[in-house]
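These notes are about the structure you will find just below.
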Amino acid sequence: MAIDKNSTGYTFLFSIAMVVVVGTALAFTALSLKDRQDANAADKKMIDILGAIGVDADRSNASDIFAEYVVERIAIDLEGKQVSSTKSPVNPKDKTDPFSIDVKKDYRSSVKSAAKAADGDDAALMAALADEGLTFPLFQCVTDDDQNLFVIPIVGSGLWGPIWGYIALEDDMTTIFGAKFDHKTETPGLGAEIRESFFTEKFKGKKLDVEGAALFSVLKGGAATDEYSVDGITGGTITSKGVDEMMNRTLKVYLRYFQSETRAQR
Amino acid sequence: MSTETAAATAKKESLFSKKNRRLLSDPLDDSNPITVQVLGICSALAITVQLQQAVIMSLSVLFVMIGGNVIVSLLRNMIPDRIRIIVQLVIVASLVIIVDQVLKAFQPDISEKLSVFVGLIITNCIIMGRLEAFALANKPGPSFLDAIGNAMGYAWILLAVSVVREVFGSGAISLPGMGQIKFLPSSWFMSEGGFYENNNLMILPPMALITVGIIIWIQRSRNQALFEEN
């Protein structure tokens, strides 16, 4: 008896078999390539962090150069208390290594909605995130001329999707040494320009306004800027605002750490 | 004995018969998926800024196209009619995910530049079109040739457009694993005090459309089969 390939029973069986086969094949592929992909992601992260302190690296030498410049990796909590720190070589598989803190994932899962609800109110944001147990990574680097730098990863939202970057602060904890931004899906030629050097160059030498209402401002195109602000991207207003928002929100956490006693004692 | 050999040759010949050879050659010119059928334009416009991206994209499409066509052709008598589009979609999507994972592992930088366009191969009309129109009704051998033909038809347009755009837009040519090779000494560029400036328009998406348009124009003026009446 020939099987009726258009019967409902056969259709169901075919679907089930297909899903099992496809699922197995994909799971196998994903698992067997995961190590390589993770290593690539870790290299990329190192290249970005080094980029914020103005050191060029590529995939072949990223981990060596990273080990040379980044002397200590610190994890702090929302209140600015140090949770852990390590000076040992980076092990991307070690989940307790501050290097492995996935700030993008934290942002997606809890910070994003809380930040939106708090709307720039830092106290409200702290209250909302108090129980999340979030940690924030900080990378202490030493340049060729023995200058201490602190690299802070930041994540936020642009117009279409996530934007992120790294801010390098000088030893005084208020002067910006360098910045690097990237994005996933911002508009090419407009918001996407945040990754270009003409934009990131503007951050160099600017200061964080520790006393003021906002730590730092990315202003709407054309406005006069002072030492606490930069000119945003014309036509990329919402992306520029996203940069402004993620800088202020994240740097406040680190500022609490810098001003705390643990830091002063060191 | 002789009949067996004859049958074997007949079978072998049938794979490269005139009809089957047309499966390979037609999509390159007379029924090119991009310039004649105007399918798959989205990725052709988006990832032709550099040759290396176009090469990787072409290889990805070639793999998905061959895999999809052959698998669907092998299963053509088993796939229930009512869910055939879903089945095709699942097959194509799985192949694309595999390609994406492999690129992430072995070509992370290019994978990043191609970004969503690898995933968008799933919705590339060329692939679904060939599965539905050809693989469902033909044996694996011809389907395999049809896949190569169409993928190459897609690929050569992509490569041609990206060579034009990269040479005139960046003054360079890049190949996977070799990086970008610049033609002009950097002292010639205006930023270094020289006289030459890259044509930024070539980098922007509209120029891809214009380049594809010029290829269509040349092709239509030369190919008798594409002359339209009136």
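Quick note on labels: first sequence line is chain A, next is B, and so on, each numbered from 1.
Scored by the salt bridge (charged side-chain N to carboxylate O under 4.0 Å, His left out) test, A:Arg108 finds no partners at all (sequence neighbours excluded).
Put simply, the side chain of A:Asp106 does not reach to within 4.5 Å of the side chain of A:Val155, judged on heavy atoms.
Interface remark: A:Leu26 contributes side-chain atoms only to the contact with chain B (heavy atom separation under 4.5 Å). Within the 4.5 angstrom heavy-atom criterion, only side-chain atoms of A:Thr29, from C-beta onward, approach chain B. For A:Ser32, no part lies under 4.5 angstrom from a heavy atom of chain B. With a 4.5 angstrom heavy-atom cutoff, B:Ile79 touches chain A via backbone and side-chain atoms both. A:Lys44 touches chain B through its side chain: at least one heavy atom from C-beta onward sits under 4.5 Å away, while N, CA, C and O do not. Within the 4.5 angstrom heavy-atom criterion, atoms from both the backbone and the side chain of B:Asp109 approach chain A. Proximity to chain B involves both the backbone and the side chain of A:Asn6, based on heavy atoms less than 4.5 angstrom apart.
Remark: side-chain polar atoms of A:Glu186 are paired, donor with acceptor, to backbone N or O of A:Leu159 under 3.5 angstrom.
In this pair, A:Phe181 and A:Phe199 present their aromatic rings tilted. The plane angle is within the 30 to 60° band.
Between chain A and the residues B:Leu204, B:Val102, B:Val87, the most heavy-atom pairs under 4.5 angstrom are made by B:Val87.
With B:Val92 as the partner, the side-chain contact (heavy atoms from CB on, under 4.5 Å) test is satisfied by one option alone out of B:Val96, B:Leu89, B:Leu95, B:Val90: B:Val96.
Figure legend: A:Lys5 and A:Phe14 shown without cation-pi pairing, the cationic atom not lying both under 6.0 angstrom from the six-membered ring centre and within 45 degrees of its axis.
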